[in-house]
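A short worksheet on the structure shown next.
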There are 2 protein chains.
Amino acid sequence: MSIDVGARLRSIRQMCGLSQRELARRAGVTNGLISLVEMNRVSPSVSSLKKLLDGIPMSMAEFFTGDLNQQVPVFYAATELVEIGNDGVSLRLVAAQRANRQMTLLHERYAPDAQTGEEMLEHRGEECGVVIRGKIEVTVGGASRVLGPGEAYYFNSNLPHRFKNPGREPCEIVSCSTPPSF
Amino acid sequence: MSIDVGARLRSIRQMCGLSQRELARRAGVTNGLISLVEMNRVSPSVSSLKKLLDGIPMSMAEFFTGDLNQQVPVFYAATELVEIGNDGVSLRLVAAQRANRQMTLLHERYAPDAQTGEEMLEHRGEECGVVIRGKIEVTVGGASRVLGPGEAYYFNSNLPHRFKNPGREPCEIVSCSTPPSF
DNA sequence: CCTAGCTGTCGATAATTCTAAACATCCGGG
DNA sequence: CCCGGATGTTTAGAATTATCGACAGCTAGG
């Protein structure tokens with residue numbers, strides 16, 4: 001659960017071809033500290049870690065995003081998308097089995113009158129989408145609006161939100177959210 | 001230059017309606033520490049900040065991407081999407097003006113024979129998309145495949161990649177990438 | 001073999017972070 | 001008016017982090 005700051009720092013430092021002393025010089029800390037941090041014998045203060053990353057250079061966000069590559073499928077046939085919807089709402093998930101995805105990409109279909117649920121949704125992250133076909137009523141915080149083909153939305157997911165198809169024809173959307181909800 | 005960890009923490013904590021003591025309880029630290037951190041009188045250790053964010057909850061990466069914006073547009077008419085393409089490739093960006101977005105959502109159109117460029121693209125992050133209409137040839141790393149409507153892709157953007165419309169009809173895609181490229 | 005220069009690790013100590021408990025406000029109810 | 005319960009702040013001292021200097025290992029060159 002806890003982040004292996006030491007291993008991550010060591011890996012990045014070596015990737016940049018820097019010795020502990022060289023990075024220490026650039027960052028304005030001592031080589032000993034870097035040694036201790038990399039061995040996870042101390043948990044550096046945010047200000048120290050910031051200094052270290054400034055010497056690399058790399059942002060805090062990048063550091064904690066931790067982006068490692070792997071050999072996983074790239075292409076997905078329509079039938080390979082994983083269905084996770086219900087009740088007139090079809091949510092078809094791209095790259096469902098991919099470990100440590102950073103996003104959830106969904107091909108969504110709302111039957112007439114279908115909606116995401118009685119309760120407003122509320123979770124952390126951001127989500128956005130484009131309407132392909134039909135109409136969808138999007139409610140976010142207090143605001144509500146009906147979007148048609150080519151129209152789009154983007155909001156913080158911690159605002160209470162809901163989707164509903166107010167029309168008679170099915171509605172099709174492509175949406176994306178981060179961090180992944182599914 | 002340095003990050004205002006205190007202000008950021010306070011803002012996020014209040015956004016979640018938590019008191020210092022309540023967050024302290026959830027995070028397993030003392031309320032006093034939270035007070036000190038929020039006043040920037042100490043720079044918390046990474047492990048302490050991690051505990052605090054676990055109590056919110058929020059990831060370190062999210063914390064440092066600084067997502068403190070709220071009063072921004074949610075809905076976008078088709079005409080409000082910002083065109084950033086060229087040469088037969090139309091890339092229409094959702095929420096272009098939004099500060100500190102975590103994703104780039106694009107409504108893309110490729111004219112027949114159009115492609116993303118001579119050079120393969122290569123950048124940090126992940127990207128994914130769903131084909132709405134027409135056909136697109138997606139090349140990622142060594143692999144290449146033609147995708148049609150309803151088919152999808154998801155890959156690490158640091159693998160060299162390219163998109164090309166091999167057909168005679170225009171191709172329409174909705175794609176998303178993180179971190180934002182535009 | 002020995003030195004010079006690099007590497008990372010370690011121990012003692014200085015500096016900073018973190019805790020625990022007290023303190024100062026503020027607000028609503030009795 | 002005062003109390004209970006909430007808030008955030010402060011302080012002394014415990015715990016942890018950061019520094020400085022020493023150390024051992026390795027490699028290249030003389």
Side-chain angles (χ1 to χ4, degrees), chain A residues 1-66 68 122 124 158, chain B residues 1-70:
Chain A
M1 191 55 198
S2 67
I3 302 170
D4 189 348
V5 172
R8 198 170 289 191
L9 178 61
R10 172 158 292 175
S11 160
I12 292 167
R13 176 177 62 78
Q14 292 176 337
M15 212 95 88
C16 297
L18 298 173
S19 70
Q20 290 182 346
R21 280 181 166 80
E22 173 58 17
L23 177 55
R25 192 191 59 73
R26 296 199 198 188
V29 301
T30 57
N31 63 302
L33 173 60
I34 296 178
S35 176
L36 293 172
V37 169
E38 290 189 347
M39 290 188 295
N40 284 319
R41 295 178 40 148
V42 303
S43 170
S45 71
V46 167
S47 58
S48 298
L49 182 59
K50 178 69 167 57
K51 285 188 206 163
L52 289 173
L53 297 184
D54 284 348
I56 285 186
M58 169 178 283
S59 77
M60 295 290 264
E62 281 176 279
F63 181 81
F64 286 107
T65 300
L68 301 183
E122 210 170 330
R124 106 195 127 84
N158 51 7
Chain B
M1 187 55 194
S2 67
I3 303 171
D4 189 348
V5 172
R8 198 169 288 191
L9 178 62
R10 172 158 292 176
S11 162
I12 292 167
R13 176 177 63 79
Q14 291 176 337
M15 211 97 89
C16 296
L18 297 174
S19 69
Q20 290 182 346
R21 280 182 165 80
E22 173 58 17
L23 177 55
R25 192 192 59 73
R26 295 200 198 187
V29 302
T30 57
N31 63 303
L33 174 60
I34 295 179
S35 177
L36 293 172
V37 169
E38 290 188 345
M39 289 188 299
N40 285 318
R41 295 184 34 162
V42 303
S43 170
S45 71
V46 167
S47 59
S48 299
L49 182 59
K50 180 70 167 55
K51 286 188 205 165
L52 289 172
L53 297 185
D54 284 347
I56 284 185
M58 168 177 282
S59 76
M60 295 290 263
E62 282 176 277
F63 181 81
F64 286 108
T65 49
D67 173 12
L68 304 186
N69 45 313
Q70 43 270 54

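We use all heavy atoms of the structure for the numbers below, so side chains are in, but hydrogens, waters and symmetry mates are not. Residue numbers start from 1 in every chain, and the chains themselves are labelled A, B, ... in the order their sequence lines are given, proteins ahead of strands.
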Q: Can you measure from OG1 (B:Thr30) to CG (B:Leu36) and round to the nearest 0.5 angstrom?
A: 8.0 Å
Q. Does some side-chain heavy atom of B:Val46 sit less than 4.5 Å from a side-chain heavy atom of A:Phe64?
A. yes
Q) How is B:Arg21 classified with respect to the nucleic acid when contacts are heavy atoms under 4.0 Å: base, sugar-phosphate, or nothing? A) base
Q. Want to settle it: does B:Asn31 or B:Leu49 sit nearer the 5' end of DNA chain C, counting the closest nucleotide to each?
A. B:Leu49
Q) Run the side chain to side chain contact (heavy atoms under 4.5 Å, CB included) check on B:Met60 and B:Lys50 step by step: do they pass? A) CA-CA 7 Å; B:Met60 295 290 263; B:Lys50 180 70 167 55; 4.0 Å; yes
Q | Qualifying residues under side chain to side chain contact (heavy atoms under 4.5 Å, CB included), relative to A:Val29, sequence neighbours excluded | A | A:Ala24, A:Ala27, A:Leu33, A:Ile34, A:Lys51, A:Leu52
Q) Does B:Glu38 or A:Ser48 map to a spot on DNA chain D nearer the 5' end, using the closest nucleotide for each? A) B:Glu38
(Q) Under 4.0 Å, heavy atoms only, any strand: does A:Val29 hit a base, just the sugar-phosphate, or nothing? (A) sugar-phosphate
Q | Atom of B:Phe63, atom of B:Ile12 and distance for their closest heavy-atom approach | A | CD1-CD1, 3.6 Å
(Q) Return the CG to CG distance between A:Leu9 and A:Leu53, rounded to the nearest 0.5 Å. (A) 7.0 Å
**Q.** Degree of bending, the helix from C:dC1-D:dG30 to C:dG30-D:dC1 (end axes from five pairs; round to 10°)
**A.** 10°
Q. Who are the side chain to side chain contact (heavy atoms under 4.5 Å, CB included) partners of B:Arg25, not counting sequence neighbours?
A. B:Glu22
Q. Could you give the start and end, 5' to 3', of the contact zone on DNA chain C for chain B, using atoms under 4.0 Å from its heavy atoms?
A. C:dT17 to C:dA22
Q: Could you list where the contact with chain A starts and ends along DNA chain D, reading 5' to 3', using a 4.0 Å heavy-atom cut-off?
A: D:dT17 to D:dA22
Q | Pairwise 5' ranking along DNA chain D for B:Gly32 and A:Lys51, keeping only the more 5' one | A | B:Gly32
Q) What are the two closest heavy atoms between A:Ser47 and B:Ser43, and how far apart are they? A) N-OG, 2.8 Å
Q: Scan A:Ser45 against the nucleic acid and name what it touches under 4.0 Å (heavy atoms): base, sugar-phosphate only, or nothing.
A: sugar-phosphate
Q.
I'd like to check the side-chain hydrogen bond (donor to acceptor under 3.5 Å, both in side chains) partners of A:Glu38; sequence neighbours left out, ordered by chain and number.
A. A:Arg10, A:Arg13, A:Gln20
